[in-house]
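Contents: one structure, followed by commentary.
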Amino acid sequence: MSNLITSLVIPAIRMLTSREKIMTVRLDNREEILSVENEEDLRKLNFIKKSAGILVVDETTDPEEILEDLEVKLCAWFDSRIVHPDYLFLKGVGVVAIAENAYLLDVLLGAPLVEVKEISGRVQDKIVIVTGGAQGFGGGIAELLYAQGANVVIADLNEEAGVKITTALNATMQTNKAFFVKANVSDPESVEAMIAATVNYFGGLDVIISNAGILRAGGLDEMSPEVFSLMTDVNYKGYFLCAKYAAAIMKVQARFRENYYTDIIQINSKSGLKGSNRNFAYAGGKFGGIGLTQSFAMELMPHRIKVNSVCPGNFFEGPLWSDPEKGLFVQYLKAGKVPGAKTIEDVKAFYEAQVPAGRGCRVIDVVRAIFYIIEQEYETGQAVPVTGGQNMLN
Ligand SMILES: NC(=O)c1ccc[n+]([C@@H]2O[C@H](COP(=O)([O-])OP(=O)(O)OC[C@H]3O[C@@H](n4cnc5c(N)ncnc54)[C@H](O)[C@@H]3O)[C@@H](O)[C@H]2O)c1
């Protein structure tokens with residue numbers, strides 16, 4: 001039952017209580033709420049204001065019947081009022097708070113009123129998961145989407161870096177919020193829990209950016225079966241798992257709201273479009289990712305879930321290339337991979353010269369592709385190159 005509350009009832013409530021604007025909702029099932037018997041007692045709880053609008057749902061055992069009861073009651077509610085209820089009370093399950101944004105949601109659940117910045121961004125109040133969001137491309141994508149108003153879930157194995165970036169984002173005091181979840185994208189239980197944590201915290205899921213990825217280069221002589229499996233698990237299976245558990249929530253949202261579009265976006269690579277010498281474990285997984293994107297797109301478009309990949313060129317300014325100790329520039333310099341190169345700058349210049357645009361890919365380049373994908377309703381199943389002209393589609 002609690003699984004169905006998260007995977008069905010909460011995302012449905014988010015859609016059913018929304019009129020023009022899509023709401024942010026959260027289930028609160030603290031002990032003191034679970035023991036409440038009726039609306040009168042609920043109103044005695046100290047965080048509930050006297051003027052709060054409460055709608056009581058009578059059916060609380062069968063999730064489909066909860067929703068039927070709710071649909072009828074919400075119709076009656078909106079017949080006589082313009083504003084949505086502040087809380088839905090489901091006896092023995094908890095209270096679902098409903099608000100225009102994540103800050104107001106916190107206030108409804110007892111947080112103090114503080115001064116916040118109201119912005120009106122391109123992805124205002126959308127709920128977005130970024131896997132591998134603690135650093136690199138993922139960290140930059142999370143920052144830019146947050147700056148444009150998204151409620152961002154940063155999901156990463158690296159808890160320290162993930163909490164750091166989440167705290168920094170929330171310190172900007174916008175009405176949208178960031179939230180960290182420790183997750184391993186190659187583990188089904190962990191991905192399922194990541195999606196559940198997102199739904200429980202913000203009420204649904206609008207965009208998942210499957211970005212977490214690893215690279216261990218090596219030719220056939222060096223590549224061990226174990227490393228090959230690890231890379232395939234993170235880069236290929238991880239994308240499948242994200243799509244599987246995200247789509248389940250997105251389908252519910254499509255069922256309860258007409259014309260509502262959501263997005264599954266994989267951060268692929270130019271190595272998903274063209275083979276990569278002595279880097280087949282990476283390129284193979286990325287090529288496979290495009291096969292998944294095309295196939296998921298066909299399956300999910302009837303649910304208005306668009307599925308696309310973004311294929312960035314090399315992110316020379318990110319840690320993978322520029323880390324002073326482990327970065328690829330240092331490694332390639334030491335290995336003498338670039339003939340005649342004496343410094344890191346020489347190695348960098350060699351790689352930059354291969355890009356018609358004359359520079360590496362940056363986070364903003366990738367985010368512009370993400371905006372295109374999200375804003376476009378008439379496209380799915382694509383691999384959008386962002387390579388400065390280094391890879392051109394046939
Ligand atoms: N760096 C590039 O030049 C480049 C170019 C094209 C595409 N990409 C792709 O962009 C994505 C991000 O790459 P990056 O260079 O920013 O990487 P990065 O190594 O800087 O960051 C990756 C993040 O993913 C996290 N992560 C790793 N394994 C994970 C797992 N199993 N579960 C959850 N989190 C995990 C790491 O902790 C890290 O925070 C990858 O999919 C990569 O293939 C990178």
Side-chain angles (χ1 to χ4, degrees), residues 130 132-145 147 156 158 161 165 209 211-223 227-228 231 234-235 265-287 289-290 309-372 383-394:
V130 184
Q135 67 161 44
F137 268 144
I141 292 167
E143 278 168 7
L144 292 189
L145 294 183
D156 205 293
N158 185 339
I165 177 171
I209 306 208
N211 162 83
I214 54 171
L215 188 153
R216 310 267 193 280
L220 284 163
D221 291 344
E222 302 97 53
M223 178 60 62
V227 171
F228 184 87
M231 288 180 64
V234 178
N235 297 350
I265 302 175
Q266 184 214 18
I267 302 302
N268 198 289
S269 169
K270 70 178 172 54
S271 305
L273 301 171
K274 189 169 179 242
S276 184
N277 191 14
R278 294 176 189 281
N279 195 18
F280 59 82
Y282 183 75
K286 292 292 186 185
F287 266 70
I290 290 177
S309 295
V310 176
C311 299
N314 294 326
F315 180 25
F316 293 142
E317 291 156 21
L320 177 77
W321 287 85
S322 284
D323 187 282
E325 282 155 30
K326 301 180 293 189
L328 293 175
F329 288 135
V330 182
Q331 287 185 44
Y332 292 168
L333 180 66
K334 286 184 187 155
K337 191 168 161 165
V338 177
K342 294 198 171 54
T343 63
I344 284 177
E345 281 63 41
D346 294 339
V347 182
K348 193 172 178 197
F350 173 82
Y351 281 95
E352 281 174 344
Q354 295 171 21
V355 187
R359 64 164 174 86
C361 184
R362 295 183 181 138
V363 171
I364 182 66
D365 303 312
V366 173
V367 171
R368 285 189 181 119
I370 291 173
F371 283 138
Y372 164 74
V384 181
V386 187
T387 66
Q390 199 174 356
N391 281 70
M392 298 182 187
L393 296 180
N394 296 323

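None of these values were measured; they are calculated from a predicted model. For the single chain, residues carry numbers from 1 onward in sequence order.
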Separation of [Y] [atom2] from [X] [atom1] (nearest 0.5 Å):
X: Ser269; Y: Asn314; atom1: OG; atom2: CG; answer: 7.0 Å
X: Glu143; Y: Ile165; atom1: CD; atom2: CD1; answer: 4.5 Å
X: Leu320; Y: Gln331; atom1: CG; atom2: CD; answer: 8.5 Å

Assess the residue pair Leu333 and Val338 against the criterion (side-chain contact (heavy atoms from CB on, under 4.5 Å)); give the C-alpha distance rounded to whole Å, side-chain angles, the decisive distance to 0.1 Å, and a yes or no. CA-CA 7 Å; Leu333 180 66; Val338 177; over 6 Å; no

Taking it one step at a time, do Leu145 and Ile209 satisfy side-chain contact (heavy atoms from CB on, under 4.5 Å)? CA-CA 11 Å; Leu145 294 183; Ile209 306 208; 3.8 Å; yes

Would you give me the side-chain donor-acceptor pairs under 3.5 Å for residues 364-371, sequence neighbours excluded?
residue: Asp365; atom: OD1; partner: Arg359; partner atom: NH2; Å: 3.3
residue: Asp365; atom: OD2; partner: Arg359; partner atom: NH1; Å: 2.9
residue: Asp365; atom: OD2; partner: Arg362; partner atom: N; Å: 2.7

Would a 4.5 Å heavy-atom cut-off, applied to side chains only, mark Lys270 and Pro385 as touching?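 No, their side chains stay 4.5 Å or more apart.
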
According to the salt bridge (Lys or Arg N to Asp or Glu O under 4.0 Å) rule, which pairs have a member within residues 385-394, sequence neighbours left out?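 Residue pairs with at least one partner in residues 385-394: there are none.
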
So salt bridge (Lys or Arg N to Asp or Glu O under 4.0 Å) across residues 318-347, not counting sequence neighbours, yields none

Please report the shortest heavy-atom distance between Gly140 and Val363, naming the atom on each side. C-CG1, 3.4 Å

Where do Glu352 and Val355 land on the side-chain contact (heavy atoms from CB on, under 4.5 Å) test, with the steps shown first? CA-CA 6 Å; Glu352 281 174 344; Val355 187; 5.6 Å; no

Which atom pairs, donor and acceptor, lie under 3.5 Å between side-chain atoms of residues 272-285 and protein residues at least two apart or in another chain?
residue: Ser276; atom: OG; partner: Asn279; partner atom: ND2; Å: 3.1

Between [X] and [Y], is there a donor-acceptor pair closer than 3.5 Å when you use the side chain of the first and the backbone of the second?
X: Thr387; Y: Pro312; result: no
X: Asn235; Y: Ile214; result: yes
X: Asp156; Y: Ala134; result: yes
X: Gln354; Y: Tyr351; result: no

Do the two ring centres, one from Phe329 and one from Phe316, sit under 6.0 Å apart? yes

Listed partners of Phe137 passing ring-ring contact (aromatic ring centres under 6.0 Å, His included), at least two apart: Phe315

Taking only residues two or more places apart in sequence or in another chain, which ones pass side-chain contact (heavy atoms from CB on, under 4.5 Å) with Asn268? Gln266, Lys286, Ile290, Ser309, Cys311

